[in-house]
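What follows is a set of notes on a single structure, which appears directly below.
We name chains A, B, ... by the order of the sequence lines, and we start the count at 1 in each one.
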Amino acid sequence: MNPVVNVPPTMSTLDRFLFSFFNPDIAGRYWKAIAEGFVTTTWLGVTVIITGLVVGLALAVARAQHVKPLNFCIIVFADVFRALPPLVIIIILFFAFPYIEMAMSAFTATWLSLSLVLAAFAEEIFWAGILAVPKGQWEAARSTGMSRLETLQHVVLPQAVRMTVPPLTNRVMAITKGTALGSVVALHEILNVSSSASSESGNATPLLVGACAYLILFIPFVWFGRWIETRFAWKR
Amino acid sequence: MKQDLPPILELKGLVKSFGALQVLKGIDFSVQPGELAFIIGPSGSGKSTLLRCCNRLEEPDGGSVTVDGIDITAPGVDINRLRQKIGMVFQSFNLYPHMTALGNVTLALRKVQGMDKATADAKGRAALERVGLTDKADAYPNQLSGGQQQRVGIARSLALEPLIVLFDEPTSALDPELVGGVLKVMRELRESGMTMVVVSHEMAFARAAADRVVFMDQGQIVEQGPPEEVFGNPKHARLREFLATLADRH
Ligand SMILES: Nc1ncnc2c1ncn2[C@@H]1O[C@H](COP(=O)(O)OP(=O)(O)OP(=O)(O)O)[C@@H](O)[C@H]1O
Ligand SMILES: [Mg+2]
């Protein structure tokens, strides 16, 4: 349905604009549903970030153990899930997995898809950070009797993680915005809720409220990324 | 130096190759307790590789490396425990940039030896005092001069109370005016009875402080003896050439 059809024909252009985009009645009617979408999107985003980063870090640490068959698997995983569009993974998980008796909710499918993609990117970013730490750091630590894992934990990762903060922040943001893809499997997140509200009411205001909800969610994120970058920066 | 005691470090028939390139061609070498052995030789002769085989930063391909009577290349040895007794000081310092000087010096004490923070800090401060950096305990590496960083590097080895310390060109990355401070610390260390193997181009230091100078060329020990012999009366042509090129450079 075209949202502009309900505009009374006698209105001036400015009034028509305000009526369609900043309609307090419509906003009042749908803000609760959108707020619920906001909670779903936030919860989804937080779980994706935690799962993706933890799994990505674990894979990078595993890769640093230099076990050939394991590294091969990790590389295949990272390449596959960086290459596949998250939407494709969501659709496969949601619509194809029921055929192998592994049906999952829209939330689970979206969470799993985005987590896998974030884990794949995070693994590559952490791994690049580990590689960027000079070899001499390993040698110094190992020469004092520290094991490979101890060296990784106390010497290499603290330096690698600092280097990876900027690329990781960008990647985390991009993937977290993919929570909107949940709308294709009818997950009640911000975009889905506000676009259905918009068609139901024949008015664009819910979409604008939805956009504001995204801003409220992501602007602090952008600020956090900037703060953490300056916080973790140190001169060599 | 104690000639009658068993050696602290003993290499027998040490062989090491990188691919097709044989870098160490059967090295026999031993260091007595309290001895300072000084290794010289042209670039690429295998000096660094020799030192790095002594704590297995490089895995030897053949021969044995014995430290304080224990063959560190034997299967099943706890190399991490043995390495604590073998200090190593690097040309590029390799301090941990995210930790203070004290943090650098105490890391292995805390994480490997499991010492509590207070005990480790006390030990770390004592090690920093030995290198004259008591007042720099809380400084980060980027706040220290190259010479100070290298002295922290030495303190990091000393904190573990090693039996022997290996130095790989400890002053080569330093501005000339900072070399003296590091050499002074090494000199004091030697006088305190520490067993040391030093790879360096500081010939004046070798004359003043070394018990023995070892000349390596193409993966072999060509000549060795007291500094006055090796420098004053070199027997091999290759050593004479090497000393001549050094003299030209200065
Ligand atoms: N990890 C490695 N892989 C391949 N070749 C190596 C490696 N390390 C050293 N080499 C080679 O082994 C030879 C000996 O190197 P080494 O570093 O022991 O010499 P060096 O006597 O310490 O020289 P310099 O005075 O330049 O430090 C050189 O030809 C070097 O290129
Ligand atoms: Mg060298």
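- Crowding of A:Gln65 atom CD: a count of heavy atoms from other residues, nucleotides or ligands under 6.0 Å exceeding 12.
- Note: A:Glu139 leads A:Glu139, A:Gln153, A:Glu150 in heavy-atom pairs under 4.5 Å with chain B.
- Proximity of a side-chain donor or acceptor of A:Gln137 to a complementary backbone N or O of B:Leu95 within less than 3.5 Å is detected.
- The environment of CZ in A:Phe95 is crowded: more than 12 heavy-atom neighbours from other residues, nucleotides or ligands sit within 6.0 Å.
- B:Lys184 NZ: 12 or fewer foreign heavy atoms inside a 6.0 Å radius.
- With respect to chain A, the highest number of heavy-atom pairs below 4.5 Å among B:Leu57, B:Asn55, B:Leu109, B:Val89 belongs to B:Leu57.
- Judged purely by atom type and a 3.5 angstrom limit, B:His98 has no side-chain atom pairing as donor or acceptor with the backbone of A:Arg162.
- Interface remark: of the candidates B:Arg56, B:Arg83, B:Arg156, B:Met88, B:Arg83 forms the most heavy-atom pairs closer than 4.5 Å to chain A.
- The shortest side-chain heavy-atom distance between A:Pro158 and B:Met99 does not fall under the 4.5 Å cut-off.
- Put simply, CZ on B:Arg52 and OG on A:Ser143 are 10.0 Å apart, with the number rounded to the nearest 0.5 Å.
- Taken to the nearest 0.5 Å, the NZ atom of B:Lys111 stands 12.5 Å off from the OG1 atom of A:Thr144.
- B:Asn80 has its side chain out of reach of A:Met146: every pair of non-hydrogen atoms, C-beta onward, lies at least 4.5 Å apart.
- Interface summary for chain A: among B:Phe93, B:Tyr96, B:Phe90, the most heavy-atom pairs under 4.5 angstrom belong to B:Tyr96.
- The number of heavy-atom neighbours closer than 6.0 Å to CZ of B:Phe18, taken from other residues, nucleotides and ligands shown, is above 12.
- With a 6.0 Å radius and a threshold of 12 heavy atoms from other residues, nucleotides or ligands, A:Arg226 has its CZ atom at or below the threshold.
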